[in-house]
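The structure under discussion appears below in the form of structure tokens.
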Amino acid sequence: MLQSLTSNSCVRLIQTHKSTWYFVFLVLGYFLYLIFGAVVFSSVELPYEDLLRQELRAIKKQFLQDNECLSEERLEEFLEKALEASNYGVSILNNASANWNWDFTSALFFASTVLSTTGYGHTAPLSDGGKAFCIVYSVIGIPFTLLFLTAVVQRIMVFSTRRPIMYIHSRWGLSKPLVAIVHATLLAMLAVSCFFLIPAAIFSALEENWNFLESFYFCFISLSTIGLGDYVPGESFNQKFRELYKVGITVYLILGLIVMLVVLETFCELQQLKQLRKVFYLKKEKPQDRVAILEHDHLSFTTVSDRATSLHEDKTHPFEGVPVLVSHSGDDPMIQ
């Protein structure tokens, strides 16, 4: 009997707070996914990092042996300065001295990466004034960019998603959820082809040291606004039409980001995904429950008010309702 009552209470507790339990499982799943990614990245990349470290130590040791007049301290000082400059996008190599990081087209490319929060990190402001302006420019520009993208995506969604789905649903009488799923799949395939596969082929042809995988990797990292900065187009030696190339990349990033948002919004409007999201959300208060709560509060307030009124009347007329003693003969000394 006790076990039955306990199990029934547990089931009732789980049913009552179902969305909370789903949310807890969602949080745990997210952190487990983070740990899974860390384990995979560490196991895959750590051996390559160790191999690169050993190779660099061997090259440094061989260089010091070939140049005995140079001390290790001077070499360390030179390398530290060179690496610090490289972090700001300035290289001392002869084949990179012809490229400027802050001409107009490069600055335009940098501004687009800042406003889209891609931030490759290959170029950064050098001066204090540039850093201060970058902060102010970002504080104003990022919300402005979000407003711009929201307005553009909202208008595109009308013609790219909502009207086609309604037209097919009303013309052929097909199920609206089925039409929405097929439409979202075709739209995603079109976006992948036009903004990942084709640009990856173009980048692999224009960039000398990039293969197709590296080009596709750059497209995905850029349009997902991850922006690691390990691959940046237009930075190779003697890049042809570099200014025009940088402007084209800027346009590609903006258009690609808009298309990605359109695809994501299309999938978010699917009925199946809406139902899935509702599992983890807090349930909204129903109108009936709200009316019941208001009626209960009104009843409680009315009861308290009536009690207060009654108490006030009792204080005002303390002897009301008490029988009065009357002596017709007038000889009662107590009444006199």
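Counting from 1, the numbers follow the sequence of the chain as shown. This is a predicted model, so every value here is computed, not measured.
The 12-atom threshold is exceeded at NZ of K60, counting heavy atoms of other residues, nucleotides or ligands nearer than 6.0 Å. Counting heavy atoms of neighbouring residues, nucleotides and ligands inside a 6.0 Å radius, atom CZ of F23 does not exceed 12 of them. Other residues, nucleotides and ligands contribute at most 12 non-hydrogen atoms within 6.0 Å of the CZ atom of F25. Within a 6.0 Å radius of CZ in F78, no more than 12 heavy atoms belonging to other residues, nucleotides or ligands are found. Annotation for E68: atom CD does not count as buried by contact number, only 12 or fewer foreign heavy atoms lying within 6.0 Å. Atom CD of Q54 has more than 12 heavy atoms from other residues, nucleotides or ligands within 6.0 Å. The 12-atom threshold is exceeded at NZ of K131, counting heavy atoms of other residues, nucleotides or ligands nearer than 6.0 Å. Enclosure of atom CD in E77 is not indicated, since only 12 or fewer non-hydrogen atoms of other residues, nucleotides or ligands lie within 6.0 angstrom.
Under the 4.5 Å side-chain heavy-atom criterion for Ile, Leu, Val, Met, Phe, Trp and Tyr, V24 and F280 are members of distinct hydrophobic clusters. Criterion: ILVMFWY side-chain heavy atoms under 4.5 Å apart, direct or through other members. Under it, L253 and L255 are part of a common hydrophobic cluster. I254 and I142 are not part of a single hydrophobic cluster, where members link through side-chain heavy atoms under 4.5 Å apart. Cluster membership check: I198 shares its hydrophobic cluster with F212, using side-chain heavy-atom separations under 4.5 Å among Ile, Leu, Val, Met, Phe, Trp and Tyr. A chain of hydrophobic side-chain contacts below 4.5 Å, direct or via other Ile, Leu, Val, Met, Phe, Trp or Tyr residues, connects L273 to Y22.
Y252 contributes a side-chain N or O that, together with a main-chain N or O of F195, makes up a donor-acceptor pair within less than 3.5 Å. Remark: side-chain polar atoms of H183 are not paired, donor with acceptor, to backbone N or O of I165 under 3.5 angstrom. Between the E214 side chain and the N211 main chain, a donor and an acceptor come within less than 3.5 Å of each other. For the pair T113 (side chain) and F110 (backbone), a donor-acceptor distance under 3.5 Å is present. With E265 contributing its side chain and M157 its backbone, the two residues share no donor-acceptor pair below 3.5 Å. In this structure, the side chain of S193 engages the main chain of M189 through a donor-acceptor pair within 3.5 Å. Between the N67 side chain and the F63 main chain, a donor and an acceptor come within less than 3.5 Å of each other. Between the side chain of T250 and the backbone N or O of K246 there is at least one donor-acceptor pair closer than 3.5 Å.
Using a 4.5 Å heavy-atom threshold, the side chains of M166 and K176 count as touching. Two residues are said to be in side-chain contact when any heavy atoms from C-beta on lie closer than 4.5 Å; R277 and C268 meet this criterion. No side-chain heavy atom of T123 sits less than 4.5 Å from a side-chain heavy atom of F109. Taking the side chain as every heavy atom from C-beta outward, P177 and L270 never approach each other to under 4.5 Å. With contacts defined as side-chain heavy-atom distances shorter than 4.5 Å, the pair L223/M260 qualifies. Within the 4.5 Å cutoff, side-chain heavy atoms of I140 are placed close to those of V136. With contacts defined as side-chain heavy-atom distances shorter than 4.5 Å, the pair L187/V262 qualifies. Proximity of Y30 to L34: side-chain heavy atoms (C-beta onward) are separated by under 4.5 Å at one or more points.
Of all heavy-atom pairs between L257 and L149, the closest is CD2-CD1, 3.8 Å. When all heavy atoms of V158 and Q154 are compared, the pair lying nearest together is CG2-O, 3.4 Å. Annotation for G130 and P125: closest pair C-CB, 3.7 Å, computed over non-hydrogen atoms. Nearest heavy-atom pair across S116 and T225 is O-CG2, 3.6 Å. Nearest approach of S215 to A200, heavy atoms of both residues: CB-O, 3.2 Å.
Note on E49 versus R53: salt bridge recorded, some NZ/NE/NH1/NH2 to OD/OE distance being below 4.0 Å. A salt bridge links R242 with D103; the closest basic N to acidic carboxylate O contact falls under 4.0 Å.
Between the OG atom of S204 and the CG atom of N209 there is a distance of 12.5 Å, given to the nearest 0.5 Å. Between atom CD1 of residue I156 and atom CG of residue L261 there is a gap of 9.5 Å, rounded to the nearest 0.5 Å. One distance of note links CD of E76 with CG of L64; it measures 8.5 Å at 0.5 Å rounding. Interatomic distance, L52 CG to R57 CZ, rounded to the nearest 0.5 Å: 10.0 Å. Summarising the geometry, atom OG belonging to S138 is positioned 7.0 Å from atom CG belonging to L115; distances are rounded to the nearest 0.5 Å.
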Go through the steps for H169 and L174 under the test side chain to side chain contact (heavy atoms under 4.5 Å, CB included), then give the verdict.
CA-CA 5 Å; H169 171 65; L174 298 176; 5.6 Å; no
Under the side chain to side chain contact (heavy atoms under 4.5 Å, CB included) rule, what do L46 and D50 come out as? Steps first, then yes or no, please.
CA-CA 6 Å; L46 192 59; D50 184 60; 5.8 Å; no
Using the rule given for side chain to side chain contact (heavy atoms under 4.5 Å, CB included), can you reason through L190 versus V259, listing the C-alpha separation, both sets of side-chain angles and the distance that settles it, and then say yes or no?
CA-CA 10 Å; L190 182 63; V259 171; over 6 Å; no
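With respect to Y231, the ring pair (Phe, Tyr, Trp, His ring centres under 6.0 Å) criterion is satisfied by exactly one of F203, F216, W210, F218: W210. Among V179, L186, T185, the single residue meeting the side chain to side chain contact (heavy atoms under 4.5 Å, CB included) criterion with V182 is L186.
A donor-acceptor pair shorter than 3.5 Å can be found between the side chains of T266 and T161. Y120 and S222 share a side-chain donor-acceptor pair at under 3.5 Å.
Aromatic ring orientation, F220 versus F196: tilted (interplanar angle from 30° to 60°).
Residue pairs that meet the ring-ring contact (aromatic ring centres under 6.0 Å, His included) test with at least one member in residues 35-60, sequence neighbours left out, do not exist here. Here ring-ring contact (aromatic ring centres under 6.0 Å, His included) pairs that include residues 125-168, with residues two or more places apart or in two chains, are F133-Y137.
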